Amino acid sequence: MSALDPLFTYLLRLGDDNLVLAQQLGALVSTMPELELDIAVANVCLDHLGQARYLLAYAAEVEGGGRDEDHLAMLRDERAFRNAVLFEQPNGDFAHTMARQFFVDAYQVPLYEGLATSADLRLATMAQKAAQESRYHLGSSSGWVVRLGDGTTQSRRRMQAAVNALWPFTADLFSADEVESVLVAEGIAVDPASLRPFFDDTVAAVLADATLVLPSDAYQRTGGRQGLHTELLGHLLPEMQSLYRAHRGVQW
Amino acid sequence: MEQSSTVPNGSARESHFAALLSAGEKIEPRDWMPVAYRRTMIRQIAQHAHSEVIGQQPEGNWITRAPSLARKAILVAKVQDEAGHGLYLYSACETLGISRDELNELLHQGRQKYSSIFNYPTLSWADVGAIGWLVDGAAITNQVTLTRTSYGPYARAMVRICKEESFHQRQGFEIMTTLAQGSEAQRAMAQDALDRWWWPSLAMLGPPDEQSTHTDQSLQWGIKLETNDEIRQRFVDQTVPQAHFLGLHVPDEALAWNEGRGHWDFGDIDWDAFWEVVRGNGPCNHERLAHKVQAWQDGAWVREAGLAYAAKQAHGAPRNSA
Amino acid sequence: MQHETASPATPAVGANPLWEVFVRAKRGLNHVHAGSVHAPDAATALRHARDVYTRRAEGVSIWLVASTAIVASDPDAQGDWFEDDKPYRHPTFYTVSDEVGHL
């Protein structure tokens with residue numbers, strides 16, 4: 001870890017978050033409950049994919065080793081991915097998709113708003129746009145958490161189950177090590193711990209509105225930032241990387 | 001008492017309708033229209049909408065495996081457009097007095113069709129290129145004329161769709177160009193895709209004029225503006241030089257430039273195979289429809305929840321207790 | 001004849017209601033009808049309208065109207081309501097000598 005440039009690692013962490021999520025959202029197109037939602041999920045997918053590409057391309061540039069966004073996306077194995085474990089959790093039903101998105105949005109809104117004033121101008125430029133996208137996403141995802149939570153008996157049961165299933169992966173969003181501390185000191189990164197109040201307040205308010213509760217079990221699964229993932233990522237990556245890896249060194 | 005000549009009734013309505021058509025005026029949603037016109041319009045717009053919606057699937061099959069992040073983004077945007085186009089068309093169809101849920105039901109029951117072309121599988125990445133180049137190319141040839149169709153909401157939807165579609169064919173051709181100029185394996189992939197998609201793309205423009213049951217009436221009503229064979233010829237004329245540019249072989253031994261006609265002659269389309277697919281026996285008919293029905297059924301509880309929440313908000317009903 | 005008159009689709013019980021979408025392309029222009037969306041409530045419909053009808057930066061503002069709330073004139077009353085038989089309301093009715101220039 002310490003051998004790597006902290007900025008490179010930080011960009012990978014944020015880039016992988018978005019790439020892994022976009023990969024999952026892309027699989028949802030044509031499966032949504034209403035045609036309007038097929039279009040909506042594609043929009044969210046494209047926003048995350050755009051963020052991922054910017055961050056990975058920048059990471060490759062910082063690294064200066066001749067790799068590009070596709071090398072980073074397609075040729076790294078599971079252990080080299082740096083996304084937080086929440087992002088690799090499966091789509092599940094619509095309630096799971098929305099719960100995952102809601103937790104992601106409640107984390108990314110303050111993250112990008114913080115990064116918008118980063119001392120790193122490339123990061124700041126990207127974050128200003130990403131913050132707009134995330135605020136819109138949060139409005140949509142929280143709207144669905146409330147509608148499903150306070151909808152029918154069945155939707156409430158499903159939404160609560162989704163919150164319970166995904167909550168244990170949220171602490172990983174706020175994991176930090178020397179990568180962040182070095183960059184925070186330089187005014188480049190946002191301290192993940194500082195994002196927690198916005199996240200907690202948003203979650204509390206929306207769940208209350210949705211008549212839902214957080215699980216009482218405090219267990220949390222972390223490790224994504226060090227490449228210690230849940231087993232799910234090892235299934236998601238081979239699918240994403242198969243074609244690229246089958247034809248090395250060609251243009252697409 | 002003077003009868004206003006501008007309130008048509010009975011046969012006066014019919015002649016008013018005919019006069020609008022012959023003046024090149026659009027028919028609008030609340031206008032009087034012959035029952036058969038309405039029925040034909042609903043059938044055609046619905047079939048078009050269903051095609052866009054089912055059309056998400058073959059290309060959607062490659063979203064998770066797109067070979068670069070740039071291609072992934074383009075593909076998601078394109079498949080999203082198909083959903084959008086389906087939506088514009090359902091909107092147009094609903095102005096004729098039928099709801100989207102009813103149209104969905106007709107599709108799910110197999111009582112309304114979608115284009116046969118989407119019942120073929122996408123077996124390699126090159127198929128994504130071939131669909132953009134050939135299938136969208138064929139569709140655009142047809143759709144551009146539909147921007148002048150007689151039913152206003154359909155024509156307006158087509159204007160919007162054609163504007164958005166223009167990137168679809170180009171991205172498909174760009175994929176084909178990259179593959180055709182790429183490695184041995186990529187060129188083989190491109191040729192294989194052309195071999196499999198060429199004939200279905202010609203057939204998707206509809207049965208030959210002498211077999212087409214709807215053509216005459218549809219031309220008269222300004223629903224269609226060109227016959228299937230005219231559109232097909234134009235598509236072949238446009239596409240053959242593009243295939244040559246790519247250095248790919250069009251899988252038709254009868255293909256030859258006809259100096260006298262100023263058009264490409266091409267071989268006979270296997271209409272028996274086409275009708276088999278239309279009848280439901282294509283390679284993917286079952287999967288495509290099953291996927292659509294599954295998504296709709298899986299989403300039922302979400303739609304119910306949305307309505308339940310809306311009703312509670314409207315009536316200030318007591319909320320779920322936490 | 002009644003059955004031949006178009007009536008707006010009555011949403012089936014249990015179906016998401018229909019909303020008409022109007023988009024302002026840029027400041028200074030009117031909101032123009034773009035199409036419709038289905039959604040259970042206005043807030044959701046507004047997001048759907050944004051996602052569907054402004055994917056290519058086609059708008060800076062959206063209006064939404066429940067389709068059932070639209071009141072429309074009778075299409076059969078075309079002549080009674082919309083005949084323009086007063087040409088003197090239009091500037092082209094008047095002849096002005098070329099020498100006068102722009103008027």
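In this text, all values refer to a predicted model and were calculated from it rather than measured experimentally.
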| field | Intermediate values then yes/no, side chain to side chain contact (heavy atoms under 4.5 Å, CB included), B:K72 and A:D70 | value | CA-CA 11 Å; B:K72 192 191 290 288; A:D70 289 328; over 6 Å; no
| Between B:K292 and chain A, which part of the residue has a heavy atom less than 4.5 Å away: side chain, backbone, both or neither? | neither
| Flag if over 12 foreign heavy atoms under 6.0 Å of CD, B:E287 | yes
| task | Applying side-chain hydrogen bond (donor to acceptor under 3.5 Å, both in side chains), run through B:E304 and A:T152 and close with a yes or a no. | result | CA-CA 7 Å; B:E304 282 160 21; A:T152 63; 5.5 Å; no
| field | Residue-level contacts of residues 175-182 of chain B with chain A, using a heavy-atom cutoff under 4.5 Å | value | B:T178, B:L179
| said: Using only atom types and a distance under 3.5 Å, with no angle test, would you say the side chain of A:H247 pairs donor to acceptor with the backbone of B:P67? | reply: no
| Looking only at heavy atoms, which of residues 92-106 of chain A get nearer than 4.5 Å to chain B? | A:D93, A:F94, A:A95
| note | The interface call for B:R71 against chain A, heavy-atom contacts under 4.5 Å, is side chain
| said: In the structure I gave you, are the side-chain heavy atoms of A:L25 and B:V76 within less than 4.5 Å of one another anywhere? | reply: no
| said: Quick one: does any side-chain atom of B:R303 pair with a main-chain N or O of A:E34 as donor and acceptor, under 3.5 Å? | reply: no
| query | Within a strict 4.5 Å, meaning less than it, do heavy atoms of the A:T31 and B:Q294 side chains meet? | reply | no
| said: Looking at A:D38 and B:Q80, would you say the former's side chain and the latter's main chain have a donor-acceptor pair under 3.5 Å? | reply: no
| query | How would you list, in number order, the residues of residues 110-127 of chain B that have a heavy atom less than 4.5 Å from chain A? | reply | B:W125
| With A:R135 via salt bridge (charged side-chain N to carboxylate O under 4.0 Å, His left out) - residues at least two apart | A:E113
| task | Please confirm whether the backbone N or O of B:R65 pairs with a side-chain atom of A:E239, one donor and one acceptor, at under 3.5 Å? | result | no
| field | Atom group of A:Q24 that falls short of 4.5 Å from chain B, counting heavy atoms | value | neither
| said: Please determine whether the number of non-hydrogen atoms from other residues, nucleotides or ligands lying under 6.0 Å from atom CD of A:E231 exceeds 12. | reply: no
| query | Contact part of B:A70 toward chain A, heavy-atom cut-off under 4.5 Å: side chain, backbone, both or neither? | reply | both
